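This structure is a prediction, so every number in the text was calculated from the model and none was measured.
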Amino acid sequence: MNLIQFFSAHRMEILQATGEHLWLVVIAMLLAVAVGIPLGIAVTRKPWLSKPILGSANVAETIPSLALFGFLLPVPWLGSRADRLAVAALAVYALLPIIRNTIAGIQGIDPNVREAARAMGMTDSQILFRVELPLSVPVLLAGIRVATVWTIGIATIAAAVGAGGLGEFIFRGLAMVDNRVILAGAIPAAILALFADIILGFFERRMRHAR
């Protein structure tokens with residue numbers, strides 16, 4: 001049975017695993033964005049937070065994937081379900097580019113723009129939500145784009161803790177020494193990453209032109 005025939009014979013199983021993979025990535029990215037952007041904003045407001053926040057995100061990024069899953073396993077509530085564990089670990093890995101780009105986007109705004117907003121009587125929160133964040137959206141999207149592509153790839157490790165996804169095929173193929181089974185997980189994951197990069201890249205370019 002060649003690769004095309006294998007894909008055809010197992011298409012429903014591959015589609016189900018792709019759906020599981022996509023669900024893990026989407027939830028993890030929503031969590032990472034919800035945490036990463038406020039942390040980036042906090043650093044721009046209080047520069048002394050830069051070392052602890054960016055340092056922690058950098059350290060988390062250097063921890064091998066399986067080791068991070070292992071560290072989170074004893075955590076109450078998270079370790080009780082494989083999908084929660086996987087989402088938490090993936091969100092941690094996605095934080096660094098989101099935090100960095102949030103900081104870069106806000107700090108890259110022309111100071112004259114802020115001064116003009118203050119001269120109009122805007123408060124700090126109004127400047128943040130009406131001026132700084134809208135102007136920094138293209139840079140924010142660039143960070144989310146990088147984080148999403150990384151997360152799609154790293155999510156294959158989630159199968160090691162029983163969270164499902166396309167990694168199931170990769171681990172199964174390695175155990176069976178069967179390249180067709182490995183590719184049944186690797187090819188859809190690569191396609192997901194490619195589509196995510198193209199779609200988010202499109203929105204990023206649109207927002208840059210809109211500025």
Side-chain angles (χ1 to χ4, degrees), residues 1-34 36 60-73 75 77-98 101 141-207:
M1 184 184 295
N2 62 32
L3 184 61
I4 295 174
Q5 290 172 330
F6 182 87
F7 268 72
S8 178
H10 296 85
R11 61 185 179 277
M12 294 308 297
E13 194 178 351
I14 294 170
L15 284 173
Q16 182 181 346
T18 302
E20 292 172 354
H21 199 93
L22 194 57
W23 182 85
L24 289 173
V25 170
V26 169
I27 300 301
M29 284 305 304
L30 288 174
L31 181 58
V33 168
E61 205 74 25
T62 63
I63 300 173
S65 307
L66 282 175
L68 182 58
F69 279 90
F71 292 147
L72 293 176
L73 197 56
V75 177
W77 190 77
L78 284 182
S80 61
R81 282 185 53 176
D83 55 349
R84 292 175 187 167
L85 179 65
V87 166
L90 294 174
V92 168
Y93 275 115
L95 281 176
L96 183 59
I98 295 172
N101 280 51
L141 278 175
I144 293 170
R145 176 184 176 186
V146 170
T148 302
V149 173
W150 283 3
T151 304
I152 290 170
I154 297 170
T156 56
I157 305 296
V161 294
L166 293 165
E168 293 279 0
F169 283 97
I170 295 173
F171 282 103
R172 193 189 310 166
L174 289 170
M176 296 167 61
V177 195
D178 190 332
N179 288 336
R180 296 172 307 170
V181 182
I182 295 172
L183 290 173
I187 290 176
I191 292 171
L192 282 178
L194 184 61
F195 269 112
D197 187 56
I198 291 171
I199 292 168
L200 291 173
F202 169 77
F203 284 112
E204 181 189 337
R205 287 189 295 273
R206 285 287 300 271
M207 294 306 298

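- Remark: Leu96 CG to Asn101 CG distance equals 9.0 Å, nearest 0.5 Å.
- Between Pro188 and Ile14, the shortest heavy-atom contact is CG-CG2, 3.9 Å.
- Scanning for side chain to side chain contact (heavy atoms under 4.5 Å, CB included) contacts around Asn179 gives Ile182, with sequence neighbours left out.
- Of all non-hydrogen atoms in Asp197 and Arg145, the two that sit nearest each other are OD1-NE, 2.7 Å.
- In terms of heavy atoms, Leu166 sits closest to Ala184 at CD2-O, 4.1 Å.
- In this structure, CH2 in Trp150 is found 13.5 Å from CG in Leu90, a value given to the nearest 0.5 Å.
- With sequence neighbours excluded, the residues that form a side chain to side chain contact (heavy atoms under 4.5 Å, CB included) with Leu68 are Ile63, Leu72, Ala89, Val92, Tyr93.
- For residues 151-178, the pairs satisfying side chain to side chain donor-acceptor pair (under 3.5 Å) are Glu13-Arg172, Asp178-Arg180, with sequence neighbours left out.
- Leu194 pairs by the side chain to side chain contact (heavy atoms under 4.5 Å, CB included) definition with Ile198, not counting sequence neighbours.
- With rounding to the nearest 0.5 angstrom, the CG atom of Leu141 is 10.5 Å from the CD1 atom of Ile98.
- In this structure, CG in Leu15 is found 13.0 Å from NE2 in His10, a value given to the nearest 0.5 Å.
- For Glu20, there are no side chain to side chain donor-acceptor pair (under 3.5 Å) partners two or more places apart in sequence or in a different chain.
- A donor-acceptor contact shorter than 3.5 Å links the side chain of Thr148 to the backbone of Ile144.
- Here the closest heavy-atom approach between residue Ala163 and residue Ala86 is recorded as CB-CB, 3.7 Å.
- Side-chain contact between Phe7 and Ile187: present, with at least one pair of heavy atoms (C-beta onward) separated by less than 4.5 Å.
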Taking distance alone, no hydrogens or angles, what donor-acceptor pairs closer than 3.5 Å link side-chain atoms of residues 22-32 to residues at least two apart or in another chain?
none

